2 protein chains.
Amino acid sequence: MILGQRIKEEREKRNWTQTDLTEKLNVSRQSISKWELDSAYPDIERLIQISDLFNVTLDSLIKGDSELQRHITVKGTDDHMNGWEFWAHYWWIIFPIAGLIMSFLSYLN
Amino acid sequence: MILGQRIKEEREKRNWTQTDLTEKLNVSRQSISKWELDSAYPDIERLIQISDLFNVTLDSLIKGDSELQRHITVKGTDDHMNGWEFWAHYWWIIFPIAGLIMSFLSYLN
DNA sequence: CAGTCACGCAACCATTGGTTGCATAGTTGA
DNA sequence: TCAACTATGCAACCAATGGTTGCGTGACTG
(Lines give C-alpha, C1' and ligand atoms only; values in the text may rest on other atoms or scores of the structure.)
Protein backbone atom coordinates (compact mmCIF):
# COMPACT_ATOMS: atom_id res chain seq x y z
CA MET A 1 0.00 0.00 0.00
CA ILE A 2 1.35 3.34 -1.09
CA LEU A 3 -1.05 5.52 0.82
CA GLY A 4 1.21 6.35 3.76
CA GLN A 5 4.00 7.34 1.48
CA ARG A 6 1.70 9.61 -0.51
CA ILE A 7 0.31 11.34 2.55
CA LYS A 8 3.78 12.00 3.89
CA GLU A 9 4.85 13.20 0.48
CA GLU A 10 2.02 15.69 0.16
CA ARG A 11 2.48 16.86 3.73
CA GLU A 12 6.20 17.48 3.41
CA LYS A 13 5.70 19.14 0.06
CA ARG A 14 3.86 21.81 2.01
CA ASN A 15 6.32 21.88 4.89
CA TRP A 16 3.70 20.85 7.37
CA THR A 17 4.33 18.83 10.50
CA GLN A 18 2.11 15.97 11.53
CA THR A 19 0.80 18.26 14.23
CA ASP A 20 -0.20 20.79 11.60
CA LEU A 21 -2.28 18.14 9.91
CA THR A 22 -3.84 17.33 13.27
CA GLU A 23 -5.65 20.64 13.33
CA LYS A 24 -6.77 20.46 9.75
CA LEU A 25 -8.16 16.94 9.95
CA ASN A 26 -9.33 16.71 13.56
CA VAL A 27 -7.47 13.56 14.48
CA SER A 28 -4.72 12.84 16.94
CA ARG A 29 -1.16 13.14 15.76
CA GLN A 30 -0.71 9.46 16.36
CA SER A 31 -3.26 8.58 13.76
CA ILE A 32 -1.37 10.56 11.18
CA SER A 33 1.85 8.88 12.17
CA LYS A 34 0.16 5.53 11.74
CA TRP A 35 -1.19 6.45 8.34
CA GLU A 36 2.20 7.49 7.09
CA LEU A 37 3.78 4.29 8.38
CA ASP A 38 1.01 2.19 6.85
CA SER A 39 0.30 1.00 10.33
CA ALA A 40 -3.32 2.05 9.85
CA TYR A 41 -5.47 3.51 7.13
CA PRO A 42 -7.70 6.54 7.51
CA ASP A 43 -11.38 5.81 7.20
CA ILE A 44 -13.22 6.86 4.10
CA GLU A 45 -14.56 10.12 5.43
CA ARG A 46 -11.06 11.22 6.35
CA LEU A 47 -9.73 10.04 3.04
CA ILE A 48 -12.06 12.47 1.35
CA GLN A 49 -10.93 15.24 3.68
CA ILE A 50 -7.32 14.46 2.87
CA SER A 51 -7.83 14.42 -0.86
CA ASP A 52 -9.66 17.73 -0.62
CA LEU A 53 -7.05 19.27 1.66
CA PHE A 54 -4.20 18.29 -0.63
CA ASN A 55 -6.22 18.80 -3.77
CA VAL A 56 -5.28 15.45 -5.21
CA THR A 57 -7.46 12.68 -6.54
CA LEU A 58 -8.28 9.67 -4.42
CA ASP A 59 -6.72 7.49 -7.08
CA SER A 60 -3.52 9.45 -6.77
CA LEU A 61 -3.56 8.98 -3.01
CA ILE A 62 -4.55 5.36 -2.79
CA LYS A 63 -3.24 3.84 -5.95
CA GLY A 64 -0.48 6.36 -6.53
CA ASP A 65 -1.95 6.73 -9.95
CA SER A 66 -0.78 9.50 -12.15
CA GLU A 67 -2.90 10.32 -15.15
CA LEU A 68 -0.65 8.18 -17.31
CA GLN A 69 -0.75 5.12 -15.09
CA ARG A 70 -4.45 5.41 -15.02
CA HIS A 71 -4.60 4.97 -18.74
CA ILE A 72 -2.59 1.81 -18.41
CA THR A 73 -5.08 0.44 -15.91
CA VAL A 74 -7.98 1.24 -18.15
CA LYS A 75 -6.21 -0.36 -21.02
CA GLY A 76 -5.42 -3.55 -19.17
CA THR A 77 -8.97 -4.15 -18.18
CA ASP A 78 -10.82 -2.89 -21.19
CA ASP A 79 -11.94 -6.03 -22.92
CA HIS A 80 -12.66 -4.33 -26.20
CA MET A 81 -12.49 -0.79 -27.47
CA ASN A 82 -14.02 0.71 -30.51
CA GLY A 83 -12.13 2.95 -32.92
CA TRP A 84 -12.93 6.09 -31.09
CA GLU A 85 -11.82 4.74 -27.73
CA PHE A 86 -8.61 3.60 -29.27
CA TRP A 87 -7.93 7.07 -30.57
CA ALA A 88 -8.88 8.62 -27.26
CA HIS A 89 -6.39 6.39 -25.50
CA TYR A 90 -3.46 6.50 -27.88
CA TRP A 91 -3.56 9.77 -29.73
CA TRP A 92 -0.62 10.99 -27.70
CA ILE A 93 1.62 8.30 -29.08
CA ILE A 94 0.18 8.23 -32.58
CA PHE A 95 0.53 11.97 -32.89
CA PRO A 96 4.32 12.21 -32.49
CA ILE A 97 4.91 9.09 -34.53
CA ALA A 98 2.89 10.62 -37.32
CA GLY A 99 4.94 13.76 -36.92
CA LEU A 100 8.18 11.87 -37.16
CA ILE A 101 7.03 9.94 -40.22
CA MET A 102 6.02 13.17 -41.85
CA SER A 103 9.39 14.73 -41.20
CA PHE A 104 11.08 11.65 -42.60
CA LEU A 105 8.99 11.79 -45.74
CA SER A 106 9.77 15.46 -46.16
CA TYR A 107 13.41 14.61 -45.75
CA LEU A 108 13.20 12.06 -48.58
CA ASN A 109 11.75 14.80 -50.72
CA MET B 1 -22.08 9.21 1.33
CA ILE B 2 -22.78 8.21 -2.22
CA LEU B 3 -20.69 5.07 -2.29
CA GLY B 4 -23.44 2.52 -1.76
CA GLN B 5 -25.51 4.02 -4.49
CA ARG B 6 -22.57 3.97 -6.88
CA ILE B 7 -21.73 0.33 -6.18
CA LYS B 8 -25.32 -0.71 -6.71
CA GLU B 9 -25.44 1.36 -9.86
CA GLU B 10 -22.35 -0.22 -11.36
CA ARG B 11 -23.47 -3.68 -10.33
CA GLU B 12 -26.91 -3.38 -11.85
CA LYS B 13 -25.46 -1.80 -14.95
CA ARG B 14 -23.84 -5.18 -15.51
CA ASN B 15 -26.89 -7.20 -14.49
CA TRP B 16 -25.03 -8.84 -11.68
CA THR B 17 -26.59 -10.02 -8.44
CA GLN B 18 -25.00 -9.34 -5.09
CA THR B 19 -24.06 -13.00 -5.06
CA ASP B 20 -22.22 -12.56 -8.33
CA LEU B 21 -20.14 -9.85 -6.74
CA THR B 22 -19.48 -12.18 -3.84
CA GLU B 23 -17.37 -14.45 -5.99
CA LYS B 24 -15.50 -11.64 -7.65
CA LEU B 25 -14.61 -9.84 -4.45
CA ASN B 26 -14.32 -12.66 -1.93
CA VAL B 27 -16.68 -11.28 0.66
CA SER B 28 -19.98 -12.48 2.01
CA ARG B 29 -23.12 -11.36 0.28
CA GLN B 30 -24.12 -9.56 3.44
CA SER B 31 -21.15 -7.25 3.23
CA ILE B 32 -22.17 -6.18 -0.22
CA SER B 33 -25.70 -5.60 0.94
CA LYS B 34 -24.33 -3.42 3.72
CA TRP B 35 -22.16 -1.46 1.35
CA GLU B 36 -25.04 -0.70 -0.95
CA LEU B 37 -27.21 0.41 1.94
CA ASP B 38 -24.43 2.57 3.35
CA SER B 39 -24.66 0.48 6.43
CA ALA B 40 -20.93 -0.19 6.16
CA TYR B 41 -18.07 0.83 3.94
CA PRO B 42 -15.66 -1.56 2.25
CA ASP B 43 -12.11 -1.32 3.48
CA ILE B 44 -9.51 0.28 1.30
CA GLU B 45 -8.15 -2.91 -0.23
CA ARG B 46 -11.62 -3.89 -1.35
CA LEU B 47 -12.29 -0.41 -2.61
CA ILE B 48 -9.38 -0.81 -4.96
CA GLN B 49 -10.70 -4.17 -6.07
CA ILE B 50 -14.08 -2.65 -6.74
CA SER B 51 -12.73 0.24 -8.74
CA ASP B 52 -10.64 -2.16 -10.79
CA LEU B 53 -13.51 -4.57 -11.31
CA PHE B 54 -15.84 -1.84 -12.49
CA ASN B 55 -13.15 0.11 -14.24
CA VAL B 56 -14.07 3.35 -12.61
CA THR B 57 -11.98 5.82 -10.67
CA LEU B 58 -12.02 5.85 -6.91
CA ASP B 59 -13.16 9.44 -7.06
CA SER B 60 -16.09 8.39 -9.17
CA LEU B 61 -16.99 5.70 -6.64
CA ILE B 62 -16.51 7.63 -3.45
CA LYS B 63 -17.18 11.21 -4.40
CA GLY B 64 -19.38 10.49 -7.38
CA ASP B 65 -17.00 12.60 -9.40
CA SER B 66 -17.24 12.41 -13.15
CA GLU B 67 -14.12 12.56 -15.26
CA LEU B 68 -14.81 16.15 -16.11
CA GLN B 69 -15.06 17.29 -12.55
CA ARG B 70 -11.87 15.50 -11.84
CA HIS B 71 -9.93 17.33 -14.51
CA ILE B 72 -11.23 20.64 -13.31
CA THR B 73 -10.09 19.90 -9.81
CA VAL B 74 -6.65 18.81 -10.85
CA LYS B 75 -6.16 21.72 -13.14
CA GLY B 76 -7.37 24.34 -10.76
CA THR B 77 -5.11 23.36 -7.93
CA ASP B 78 -1.69 22.97 -9.47
CA ASP B 79 0.11 25.70 -7.64
CA HIS B 80 3.58 25.63 -9.13
CA MET B 81 5.79 23.22 -10.99
CA ASN B 82 9.49 23.23 -11.62
CA GLY B 83 11.07 22.57 -14.98
CA TRP B 84 11.19 18.86 -14.61
CA GLU B 85 7.59 18.58 -13.47
CA PHE B 86 6.58 20.69 -16.40
CA TRP B 87 8.29 18.29 -18.76
CA ALA B 88 6.80 15.30 -17.00
CA HIS B 89 3.35 16.79 -17.40
CA TYR B 90 3.55 18.09 -20.90
CA TRP B 91 6.04 15.99 -22.87
CA TRP B 92 3.17 14.37 -24.69
CA ILE B 93 2.15 17.69 -26.20
CA ILE B 94 5.65 19.04 -26.72
CA PHE B 95 6.66 15.90 -28.52
CA PRO B 96 4.16 16.04 -31.39
CA ILE B 97 4.55 19.80 -31.71
CA ALA B 98 8.27 19.31 -32.09
CA GLY B 99 7.52 16.64 -34.70
CA LEU B 100 5.30 19.00 -36.63
CA ILE B 101 7.86 21.79 -36.51
CA MET B 102 10.50 19.39 -37.76
CA SER B 103 8.31 18.31 -40.64
CA PHE B 104 7.59 21.91 -41.47
CA LEU B 105 11.30 22.78 -41.48
CA SER B 106 12.00 19.80 -43.70
CA TYR B 107 9.28 21.00 -45.98
CA LEU B 108 10.93 24.41 -46.26
CA ASN B 109 14.09 22.64 -47.30
C1' DC C 1 -48.28 -23.87 -3.26
C1' DA C 2 -43.63 -25.73 -2.75
C1' DG C 3 -39.17 -24.30 -4.41
C1' DT C 4 -35.95 -20.92 -5.45
C1' DC C 5 -33.86 -16.53 -6.12
C1' DA C 6 -32.44 -12.00 -4.59
C1' DC C 7 -32.14 -9.23 -0.91
C1' DG C 8 -32.50 -7.07 3.88
C1' DC C 9 -32.27 -7.44 9.13
C1' DA C 10 -30.25 -8.85 13.58
C1' DA C 11 -26.77 -10.62 16.51
C1' DC C 12 -22.19 -11.84 17.25
C1' DC C 13 -17.22 -11.49 16.78
C1' DA C 14 -12.73 -10.10 15.30
C1' DT C 15 -10.27 -6.67 13.33
C1' DT C 16 -8.46 -2.28 13.41
C1' DG C 17 -8.48 2.67 13.62
C1' DG C 18 -8.04 6.29 17.15
C1' DT C 19 -6.40 8.00 21.58
C1' DT C 20 -3.37 8.68 25.59
C1' DG C 21 1.11 8.28 27.47
C1' DC C 22 5.93 7.47 27.00
C1' DA C 23 10.47 7.15 24.50
C1' DT C 24 13.90 8.88 21.19
C1' DA C 25 16.53 11.69 17.95
C1' DG C 26 17.67 16.17 16.28
C1' DT C 27 18.10 21.08 17.08
C1' DT C 28 18.72 25.38 19.64
C1' DG C 29 20.44 28.61 22.80
C1' DA C 30 22.05 30.12 27.42
C1' DT D 1 27.48 21.07 27.61
C1' DC D 2 23.05 20.41 28.79
C1' DA D 3 18.27 21.86 29.55
C1' DA D 4 14.36 22.86 26.54
C1' DC D 5 11.80 22.24 22.60
C1' DT D 6 10.30 20.08 18.34
C1' DA D 7 9.06 16.29 15.43
C1' DT D 8 8.18 11.69 15.19
C1' DG D 9 7.75 6.66 16.42
C1' DC D 10 6.26 2.78 19.72
C1' DA D 11 3.13 0.36 22.99
C1' DA D 12 -1.12 -0.50 25.23
C1' DC D 13 -5.80 0.15 25.57
C1' DC D 14 -10.56 0.86 23.94
C1' DA D 15 -14.36 1.75 21.10
C1' DA D 16 -16.08 1.62 16.62
C1' DT D 17 -17.17 -0.94 12.78
C1' DG D 18 -16.65 -4.16 9.01
C1' DG D 19 -17.50 -9.06 8.06
C1' DT D 20 -19.86 -13.41 8.87
C1' DT D 21 -23.59 -16.62 9.99
C1' DG D 22 -28.39 -17.41 10.40
C1' DC D 23 -33.02 -16.12 9.61
C1' DG D 24 -37.00 -13.74 7.44
C1' DT D 25 -39.51 -11.94 3.38
C1' DG D 26 -41.25 -10.69 -1.14
C1' DA D 27 -41.29 -11.89 -6.00
C1' DC D 28 -41.31 -15.36 -9.47
C1' DT D 29 -42.16 -19.86 -11.50
C1' DG D 30 -43.51 -24.47 -12.77
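Labels below follow one simple rule: chain letters A, B, ... track the order of the sequence lines, proteins then strands, and each chain is numbered from 1. None of these values were measured; they are calculated from a predicted model.
- Between the CG atom of A/D38 and the C1' atom of D/dG9 there is a distance of 14 Å, given to the nearest Å.
- One atom, CD of B/E36, and another, C1' of C/dC7, lie 9 Å apart when rounded to the nearest Å.
- No donor-acceptor contact under 3.5 Å links the side chain of A/R29 to the base of C/dG18.
- Taking atom CD1 of A/I44 as the reference point, atom C1' of D/dA16 lies 15 Å away to the nearest angstrom.
- If you find the closest nucleotide of DNA chain D to A/R11 and to B/Y41, the one lying nearer the 5' end belongs to A/R11.
- Across C/dT20, D/dT20, D/dC10, the shortest atom-to-atom separation from the side chain of A/L37 is found for D/dC10.
- Checking the phosphate oxygens (OP1, OP2) of D/dT20, a side-chain nitrogen or oxygen of B/S31 falls inside 4.0 Å.
- A/N15 has its CG atom 11 Å from the P atom of D/dT8, to the nearest Å.
- Rounded to whole angstrom, the span from the CH2 atom of B/W35 across to the C1' atom of D/dG19 amounts to 9 Å.
- The distance from the CD1 atom of B/I62 to the CG atom of B/L47 is 4.5 Å, given to the nearest 0.5 Å.
- Between the side chains of A/S31 and A/S28, at least one donor-acceptor pair of N or O atoms lies under 3.5 Å.
- Side-chain atoms of B/K34 and base atoms of C/dG8 include no donor and acceptor less than 3.5 Å apart.
- The CG-P distance, from A/L3 to C/dT16, rounds to 16 Å in whole Å.
- Put simply, B/V56 and B/I2 are part of two different groups of oily side chains (I, L, V, M, F, W, Y) that touch within less than 4.5 Å, one to the next.
- Atom CD of A/Q18 and atom P of D/dG9 are 5 Å apart (whole Å).
- For the atom pair CZ (A/R11) and CZ (A/R6), the distance works out to 13.5 Å, reported to the nearest 0.5 Å.
- The residue B/Q30 sits close to a base: some heavy atom pair falls under 4.0 Å.
- Across all strands shown, A/T17 has heavy atoms under 4.0 Å from sugar-phosphate atoms exclusively, and none from any base.
- The CZ atom of B/R46 sits 9 Å away from the C1' atom of D/dG18 (whole-angstrom rounding).
- The nearest heavy atom of DNA chain C to A/N26 and to B/T19 marks one nucleotide each, and the one closer to the 5' end goes with B/T19.
- Distance check, rounded to the nearest 0.5 Å: CD1 of B/I44 to CG of A/D43 gives 9.0 Å.
- Taking only side-chain atoms of A/S33, from C-beta outward, the nucleotide of D/dG19, D/dG9, D/dG18 with the closest atom is D/dG9.
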